[in-house]
Amino acid sequence: MSHTLADLDAVRTRILAEIDAADTLQGLDDIRVAGLGKKGEVSLMMRGLGKMSPDEKKVMGPALNGLKSDLNDAIETRKATLENAALDAALASETMDMSLPVGKPTGTLHPVSQVMEEMAVIFSDMGFSVAEGPDIEDDFHNFTALNFPPGHPARDMHDTFFLENGEKVLRTHTSPVQIRTMINQKPPIRIIAPGRTYRSDSDQTHTPMFHQVEGLVIDKGIHMGHLKGVLMDFVSAFFETDVDVQFRPHHFPFTEPSAEMDVRYERDGAAIKIGQGESWMEILGCGMVHPNVLRACGLDPDEYQGFAFGMGVDRLAMLKYGMPDLRDMFASDPRWLAHYGFNPLVQANLATGLS
Ligand code: PHE
């Protein structure tokens with residue numbers, strides 16, 4: 001059966017009217033399939049082209065293609081109209097009451113995240129900002145610039161994970177962020193750097209990945225008194241009680257003099273009470289930034305001085321919140337997280353309480 005141009009016009013008029021009348025996306029798609037689908041009316045007419053004479057084809061070919069694209073255009077336009085209408089209807093009918101209280105959140109904030117947040121709040125109150133560095137470090141930032149000469153035995157103390165033929169390491173401490181900060185930023189500098197650190201070590205009190213918070217202050221005329229003041233204020237704010245501290249001489253290659261800071265504590269059964277008793281517990285390392293470290297970062301030690309400190313976040317979290325085993329911190333047991341985790345909607349705040 002062959003068709004005339006008049007037939008095509010009739011088909012066009014009819015289908016266009018159907019498209020205009022379609023009031024659902026499904027209805028519109030049915031019209032598309034009936035007209036342009038594999039076995040659709042227009043597709044079948046296209047198939048009839050094969051049986052036409054060359055002269056007929058010359059007229060009917062372009063006419064059929066024109067019909068097809070007119071219908072396609074009309075369908076797209078109608079589709080957009082229907083979709084917009086559906087969206088408008090949804091916007092008009094679906095409302096959300098932003099004043100409704102949410103239920104108790106099911107997820108909790110991990111104690112490590114909580115404690116890092118608390119530390120950031122305390123130090124930002126003292127004018128520190130938060131800096132970051134990469135977990136994968138190079139030898140220069142993790143060791144050399146921190147005054148660990150190549151081959152120095154202090155490097156062995158760190159049980160380093162080496163990558164890429166020993167050119168890169170998983171940072172063994174957050175101290176490389178000191179180097180990155182001093183190279184990129186002019187003094188005065190006051191930063192803390194929380195983050196993950198790695199050492200090839202695993203037992204009851206060590207995990208191969210753990211967390212530290214580094215601190216660094218660089219300015220003119222900085223001395224050990226500033227270091228002690230900042231850290232004494234910090235522990236009392238952190239444990240939310242007056243905490244006695246003592247500084248014991250120690251050695252780190254990147255500080256001179258160096259010290260470890262202990263807090264007074266007492267065991268009460270399984271519990272540990274910070275701030276009272278006759279025992280001392282080490283909680284951080286600190287010291288005055290070594291002149292060689294300042295020089296490695298392009299600073300003149302005769303002009304600038306500073307202090308640095310580094311502490312283990314996981315251990316401080318355990319001490320403050322009474323978790324007995326370090327390894328549980330990273331076991332991702334939902335029961336442990338539900339018990340020890342924190343409400344993520346409560347912000348640590350110095351005025352209203354840290355947790
Ligand atoms: N980086 C040291 C460590 O991991 C801690 C430290 C930091 C000591 C800054 C002094 C100054 O043990």
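Order of appearance sets the numbers: ligands from 1, and atoms from 1 within every ligand.
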> Step through it carefully: locate the ring centre of Y198, locate the ring centre of H173, and say whether they are under 6.0 Å apart.
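Aromatic pair excluded; centres sit 6.0 Å or further apart.
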
> List by chain and number: which residues place a heavy atom under 4.0 Å from ligand 1?
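Its neighbours under 4.0 Å (heavy atoms only) are H173, S175, Q178, R199, Q212, E214, F252, F254, T255, G285, C286, A308, F309, G310, given by chain and number.
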
> To the nearest 0.5 angstrom, please state how far the CG atom of N147 sits from the CG atom of N292.
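Answer for the CG-CG pair, N147 versus N292, is 4.5 Å.
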
> For residues H339 and Y321, establish whether the separation of their ring centroids is below 6.0 Å.
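So the answer is no for these two rings.
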
> Just checking F123 against F234, ring centres under 6.0 Å apart?
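Yes, close enough.
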
> Backbone N or O of H206 within a donor-acceptor pair of the D203 side chain at under 3.5 Å?
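Judged by distance alone, yes, a pair lies under 3.5 Å.
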
> Is the shortest distance from a Lys or Arg side-chain nitrogen in E282 or R248 to a carboxylate oxygen in the other one below 4.0 Å?
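Looking at E282 and R248, the cut-off is not met.
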
